[in-house]
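For ligands, and for the atoms within them, numbers begin at 1 and follow the listed sequence. Keep in mind that this is a model prediction, so the values were computed, not measured.
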Amino acid sequence: MSKITVIGAGNVGATAAQRAAEKELAEQVVLVDILEGIPQGKALDMWETAPIELYDSRVIGANSYEETAGSDVIIMTAGLARKPGMSRDDLLKKNTEIVHNCISAAAKQSPNAVIIVVSNPLDAMTYVALKASGFPTERVFGMAGVLDTARYRSFIAEALNVSVRDVAALVLGGHGDTMVPLPRYTMVGGIPLPQLMPAEQIEAIVDRTRKGGAEIVGLLKTGSAYYAPSAAAVEMAASVMRNQKRVLPCAAWLTGEYGLKDLYMGVPLKIGKGGAEQVLELELNAEEQKLFDGSVAAVRKNIGEVEAILNAM
Ligand code: APR
């Protein structure tokens with residue numbers, strides 16, 4: 001039986017489970033959370049939606065991992081949001097523990113799964129999932145670039161009054177602040193963006209994209225984005241489940257590509273049944289390379305911090 005497990009039945013996780021079921025990506029979708037009743041209640045509500053939206057994916061909720069056994073894909077969304085008074089380091093420690101515990105338990109039940117990490121801080125949590133699972137690097141990667149590019153593409157489509165379908169784009173690097181947008185490689189109906197938009201307008205869109213997560217938090221006040229993040233994770237899961245070989249910007253483990261190794265970095269990744277099949281490389285100019293190097297430094301720092309937390313656990 002094909003199966004997708006979503007860990008965390010909060011906003012991102014529940015919405016991801018709903019999207020996966022509606023697309024019938026697997027025969028079973030299992031939603032897991034530490035809270036009793038929440039994953040079961042949300043899963044039942046989704047299953048009761050099936051006769052209306054017409055899907056046969058069976059959604060079930062659980063508080064333990066036996067029900068997740070034999071999953072093809074695990075989408076990791078559990079984690080805490082920063083609370084008032086909580087330092088970044090406190091949050092990093094807490095989420096490292098959560099991701100470590102959840103992934104250790106889930107990986108034992110599904111030794112052949114592909115893990116897609118969504119929990120933040122993304123690059124660091126993807127590394128924690130790699131260590132906790134013991135899986136080969138091609139079966140653990142993170143969702144960030146698909147979301148960042150979706151935001152960027154939506155702003156460009158709006159500004160040019162064209163279909164989102166015709167805006168193809170790529171961002172490299174870490175998630176958010178250290179993202180490296182590449183307007184030269186952004187195409188609108190096959191035309192490079194700099195031929196269609198003045199540089200200042202592109203810069204404003206890039207800036208808004210970098211702060212895209214904060215813009216949503218500022219509006220919602222009590223939570224962070226989840227419609228686009230869940231859609232992004234499910235697009236990646238679809239490429240695994242359907243062996244689509246999509247080329248999507250993801251946090252992938254580098255083994256010499258871009259002259260780097262032993263870290264997760266946002267790069268174009270070909271995703272198929274076995275997970276990460278190939279990191280695609282592209283040429284960067286001096287300015288793009290400088291931004292990319294800044295992103296590398298930020299990600300290395302985060303990975304160093306979680307490494308220390310993991311060693312102390
Ligand atoms: N095991 C399982 N579930 C857990 C655990 C745990 N050890 N710890 C926390 N959770 C669950 C919470 O009970 C909650 O239901 O994780 C869920 C998180 O949901 P939300 O607070 O709604 O957060 P959400 O908006 O879904 O974001 C989740 O995704 O985009 C990222 O930055 C975001 O790291 C955050 C994650």
| note | Min over I34, T222, N63, T77 of heavy-atom distance to atom 7 (N) of ligand 1 lands on I34

| query | Are a donor atom and an acceptor atom from the side chains of R19 and S230 found within less than 3.5 Å of each other? | reply | yes

| said: Apply side chain to side chain contact (heavy atoms under 4.5 Å, CB included) to residues V73 and I116 and explain how you reach the verdict. | reply: CA-CA 7 Å; V73 169; I116 299 171; 4.0 Å; yes

| request: Please report which non-hydrogen protein atom sits nearest to atom 34 (O) of ligand 1, along with the residue it belongs to and the distance in Å to one decimal place. | output: N120 N, 3.0 Å

| task | List every atom of ligand 1 that sits less than 4.0 Å from any heavy atom of L35, numbering the atoms from 1 in the order shown and giving each element. | result | 13 (O)

| message | Just by distance, no angles: are the side chains of Y152 and T186 close enough, under 3.5 Å, to form a donor-acceptor pair? | response | yes

| Applying a 4.0 Å heavy-atom criterion (strictly less than), which segment of P229 is in contact with ligand 1: side chain, backbone, both, or neither? | neither

| said: Please tell me whether D123 and H175 have a donor and an acceptor in their side chains that are separated by less than 3.5 angstrom. | reply: no

| field | Distance from atom 11 (C) of ligand 1 to nearest protein heavy atom, with residue and atom | value | D33 OD2, 3.2 Å

| Measuring from Q109:CD to S64:OG, what's the distance to the nearest 0.5 Å? | 8.0 Å

| request: Could you check atom 4 (C) of ligand 1 against the protein and tell me its nearest heavy-atom contact, residue, atom and distance included? | output: A78 CB, 3.5 Å

| note | If you compare I7, I98, V12, L122 by their heavy atoms, the one closest to atom 24 (P) of ligand 1 turns out to be V12

| Nearest protein heavy atom under 4.0 Å from atom 21 (O) of ligand 1, yes or no | no

| query | How far is atom 18 (C) of ligand 1 from its nearest protein heavy atom, and which residue and atom is that? | reply | G79 O, 3.6 Å

| said: Once rounded to the nearest 0.5 Å, what's the spacing between atom CG of L182 and atom OG1 of T149? | reply: 11.0 Å

| note | The closest protein heavy-atom partner of atom 19 (O) of ligand 1 is G10 CA, 3.2 Å

| request: Name the orientation class of the two ring planes belonging to Y258 and F292 (parallel below 30°, tilted from 30 to 60°, perpendicular beyond 60°). | output: tilted

| query | For atom 31 (C) of ligand 1, what is the nearest protein heavy atom, given as residue, atom name and distance? | reply | V118 O, 3.6 Å

| message | I'd like to check which ligand 1 atoms, numbered from 1 as shown, lie under 4.0 Å from a non-hydrogen atom of C102. | response | 1 (N), 2 (C), 6 (C), 7 (N)

| message | Using a plain distance cutoff, I'd like to know if N11 has any nitrogen or oxygen under 3.5 Å from a nitrogen or oxygen of ligand 1. | response | yes

| query | Just which atoms of ligand 1 are under 4.0 Å from any heavy atom in S119? | reply | 34 (O)

| field | Side-chain donor-acceptor pair present, D293, Q289, cut-off under 3.5 Å | value | yes

| Approximate separation, where rounding is to 0.5 Å, of Q201 CD and L196 CG | 10.5 Å

